[in-house]
Amino acid sequence: MLKNDRFLRALLRQEVDRTPVWIMRQAGRYLPEYLAVRKEAGNFMTLCQTPELACEVTLQPLRRFPLDAAILFSDILTIPDAMGLGLYFETGEGPKFERPLRTRRDIEQMPTLDPMNELRYVTDAVSLIRRELDGAVPLIGFSGSPWTLATYMVEGGGTKDFAKVKGLAYSDPSAMHMLLDRTATAVIDYLNAQVAAGAQALMVFDTWGGVLSSRDYAEFSLAYLQKIVDGLQRVSPDGDTVPVILFTKNGGQWLDKMAATGCDALGVDWTTELSEARARTGDRVALQGNLDPSVLYAEPERIRAEVHRVLESFGGGPGHVFNLGHGIHQYVNPDHVSVMIDAVHNWRPGQ
């Protein structure tokens, strides 16, 4: 039995006593307690792959802040790593893959993923976190989107021009669709395994969807987000609804199309006003967001003002989860996060 279900109720557009709040990347490098555990683990992947450590890191921000949800500590690249692409991290350069997928033959040889085997450490972490939360707040499970995962899988790491992945999409679209389709199936199985283990809401991060043209977004990203929404187990083992959030960074122009997938909520980054997002989606979905993460470098009074501006932009009525428009930055002062959360809690419409 949940003691605090504001987050889930808001995602289902039900009335709540106040706007719920959580933070993308709330368990992470801006917290000194996280850095201590990260040092203990020795490296990032050990931290992700050790359920006890992943659980500890997931719970840390809840001990410090009165948040309305926990999110599993993991990484969006667990799926391609489990497929044998050789994920590794270089200091200052982010994730890289030893064996990127560059050809049709590479894609044809992709293994089928069984999350209960290759990603058992994730589902074990989900079960452990649920037990340790003891009903305090809901637990969010997540995955990267097929297009975002494919971007890393083809590029072999981060990129500024997306030349290799877009080159494959344009030169051999059928191979690109094969990759996206197989990745979407893996994402569905992975997220359903998280639900079976105890995740109470799901979020799909389409970090790189916004680099596509409208036509290519519909073909190479949205179509596979639709496949995921259609394939998810949206009822928990306990019989409760498991809401689904889709988030395409820089995707504000496609919110109406995203809402039509049948998801429950959409993440909105700071480049789109919530009032505009709400008008475009017609209250078909809840909205999550959308404070610019850089606001948290400002003085407290400015943070409060910007928080209230976001809340006023959404307006009255149900269906809003307050969040940043993307992940929290590494060098943000945790005290400023407290200011932000207090501003959400103390806000009253029309004040």
Side-chain donor-acceptor pair under 3.5 Å between H177 and E219, yes or no?
-> yes

Could you tell me whether a side-chain N or O of T19 sits under 3.5 Å from a main-chain N or O of V321, the two making a donor and an acceptor?
-> no

Residues Y152 and W208: side-chain donor-acceptor under 3.5 angstrom = yes

For S74 and V122, which heavy atoms make the closest approach, and how far apart are they?
-> OG-CG2, 4.2 Å

Cut-off 3.5 Å, side chains only: do T46 and N43 have a donor facing an acceptor?
-> yes

Quick one: closest heavy-atom pair of S221 and G209, and the distance?
-> OG-CA, 4.5 Å

Smallest separation among heavy atoms of A265 and L11, with atom names = CB-CD2, 3.6 Å

Would you call K3 and D134 a salt bridge, taking side-chain N to carboxylate O under 4.0 Å as the test?
-> yes

Do any N or O atoms from the side chain of T272 and from the backbone of V268 form a donor-acceptor pair under 3.5 angstrom?
-> no

Please say which of N4, I23, V137 ends up in a side chain to side chain contact (heavy atoms under 4.5 Å, CB included) with L67.
-> I23

Worked check of side chain to side chain contact (heavy atoms under 4.5 Å, CB included) between V165 and F162 | CA-CA 6 Å; V165 69; F162 301 87; 4.0 Å; yes

Judged by modelled atom types alone, do W254 and S214 share a side-chain donor-acceptor pair under 3.5 Å?
-> yes

Take T103 and D106 through the side-chain hydrogen bond (donor to acceptor under 3.5 Å, both in side chains) test and state the conclusion after the steps.
-> CA-CA 5 Å; T103 68; D106 292 338; 3.3 Å; yes

Any chance you could measure S213, atom OG, to F220, atom CZ, to the nearest 0.5 Å?
-> 9.0 Å

Apply the test side-chain hydrogen bond (donor to acceptor under 3.5 Å, both in side chains) to residues N250 and T248: give CA-CA distance (whole Å), side-chain angles for both, the deciding distance (0.1 Å), then the verdict.
-> CA-CA 6 Å; N250 296 320; T248 295; over 6 Å; no

When clusters are formed by joining ILVMFWY residues with side-chain heavy atoms under 4.5 Å apart, either directly or through shared neighbours, do L35 and V57 land in the same one?
-> yes

Which class fits the ring pair Y297 and H329: parallel under 30°, tilted 30 to 60°, perpendicular over 60°?
-> tilted

Evaluate the side chain to side chain contact (heavy atoms under 4.5 Å, CB included) criterion for residues F7 and W22: first the C-alpha distance (whole Å), next the side-chain angles of each, then the deciding distance (0.1 Å), finally the verdict.
-> CA-CA 9 Å; F7 170 69; W22 70 281; 3.4 Å; yes

Please check if I76 and F247 belong to a single hydrophobic cluster, counting links between Ile, Leu, Val, Met, Phe, Trp and Tyr side chain heavy atoms closer than 4.5 Å.
-> yes

Donor-acceptor contact present, side-chain Q26 to main-chain P61, <3.5 Å | no

Are R29 and Y34 in a cation-pi setup, meaning NZ or CZ lies under 6.0 angstrom from the ring centre and within 45 degrees of the ring axis?
-> no

With the 4.5 Å side-chain cut-off for hydrophobic clustering, are L12 and L287 part of the same group?
-> no

Please report the C-alpha distance between F322 and L291 in whole Å, then the side-chain angles of each, then the deciding distance to 0.1 Å, and finally whether the side chain to side chain contact (heavy atoms under 4.5 Å, CB included) criterion is met.
-> CA-CA 8 Å; F322 188 92; L291 186 72; 3.9 Å; yes

Answer with yes or no whether the hydrophobic clustering places W270 together with M340; edges join I, L, V, M, F, W, Y residues whose side-chain heavy atoms lie under 4.5 Å apart.
-> no

Given the options L324, N323, D68, V21 meets side chain to side chain contact (heavy atoms under 4.5 Å, CB included) only with D68

SB check R278 E273 (cutoff 4.0 Å) = no

Pair T78-D75, side-chain donor/acceptor within less than 3.5 Å = no

Backbone of Y121 reached by a side-chain donor or acceptor of Q49 within 3.5 Å | no

Taking R284 for its side chain and T281 for its backbone only, find out whether a donor-acceptor pair lies under 3.5 Å.
-> yes

Say whether, by atom type as modelled, one donor and one acceptor occur between the side chain of H336 and the main chain of A298 under 3.5 angstrom.
-> yes

Is the shortest distance from a Lys or Arg side-chain nitrogen in E15 or R6 to a carboxylate oxygen in the other one below 4.0 Å?
-> no

Nearest heavy-atom pair of P95 and L77: which atoms, and what distance?
-> CB-CD1, 3.5 Å

Residue R234 excluded, over 12 heavy atoms near CZ under 6.0 Å = yes

If you take all heavy atoms of A70 and L62, which pair is closest and at what distance?
-> CB-CD1, 3.5 Å

Sole residue of T151, V154, L101 in side chain to side chain contact (heavy atoms under 4.5 Å, CB included) with K164 = V154

CZ (R18) with more than 12 external heavy atoms under 6.0 Å = yes

Verify the distance criterion only: is there a donor paired with an acceptor across the side chains of T261 and Q226 at less than 3.5 Å?
-> no

Does T123 reach the main-chain N or O of R120 with its side chain, forming a donor-acceptor pair under 3.5 Å?
-> yes

Same cluster for V37 and F44 if Ile/Leu/Val/Met/Phe/Trp/Tyr side chains link at under 4.5 Å?
-> yes

Applying side chain to side chain contact (heavy atoms under 4.5 Å, CB included), run through H320 and L311 and close with a yes or a no.
-> CA-CA 9 Å; H320 182 213; L311 291 163; 3.8 Å; yes

Please confirm whether F142 and F205 have ring centers closer than 6.0 angstrom.
-> yes

Can Y170 and D216 be counted as having a side-chain donor-acceptor contact under 3.5 angstrom?
-> yes

Drop me the distance from C263's SG to I228's CD1, to the nearest 0.5 angstrom.
-> 11.5 Å

Quick one: do E155 and K166 make a salt bridge, cutoff under 4.0 Å?
-> no

Rounded distance [0.5 Å steps], CD in Q194 versus CG in L202 | 6.5 Å

For the side chain of T148 and the backbone of T207, is there at least one donor-acceptor N/O pair under 3.5 Å apart?
-> yes

Would you tell me whether T159 and D161 have side-chain atoms, one donor and one acceptor, within less than 3.5 Å of each other?
-> yes

Between the CG atom in L246 and the CG atom in D206, the distance rounded to the nearest 0.5 Å is 8.5 Å

Indicate yes or no: does K249 engage D269 in a salt bridge with an N to O separation below 4.0 Å.
-> no

Can you see which heavy atom on I328 is nearest to which on R25, and at what distance?
-> CG2-O, 3.2 Å

More than 12 heavy atoms of other residues, nucleotides or ligands under 6.0 Å from CZ of R63: is that the case?
-> yes

Ignoring hydrogens and angles, tell me if any N or O in the side chain of D240 forms a donor-acceptor pair with the backbone of S236 under 3.5 Å.
-> no

State, without any angle test, whether K227 and T185 hold a side-chain donor-acceptor pair at a distance under 3.5 Å.
-> yes

Regarding T112 and D114, is there a side-chain donor-to-acceptor distance under 3.5 Å anywhere?
-> no

Ion pair check, E306 and R309, cut-off under 4.0 Å = yes

Does a side-chain N-to-carboxylate-O contact under 4.0 Å join E108 and R105?
-> no

Separation between OG1 of T58 and CD1 of I140, rounded to the nearest 0.5 Å | 10.5 Å

Any donor and acceptor pair, going by atom type alone, linking the side chain of R280 with main-chain N or O of Q253 inside 3.5 Å?
-> yes

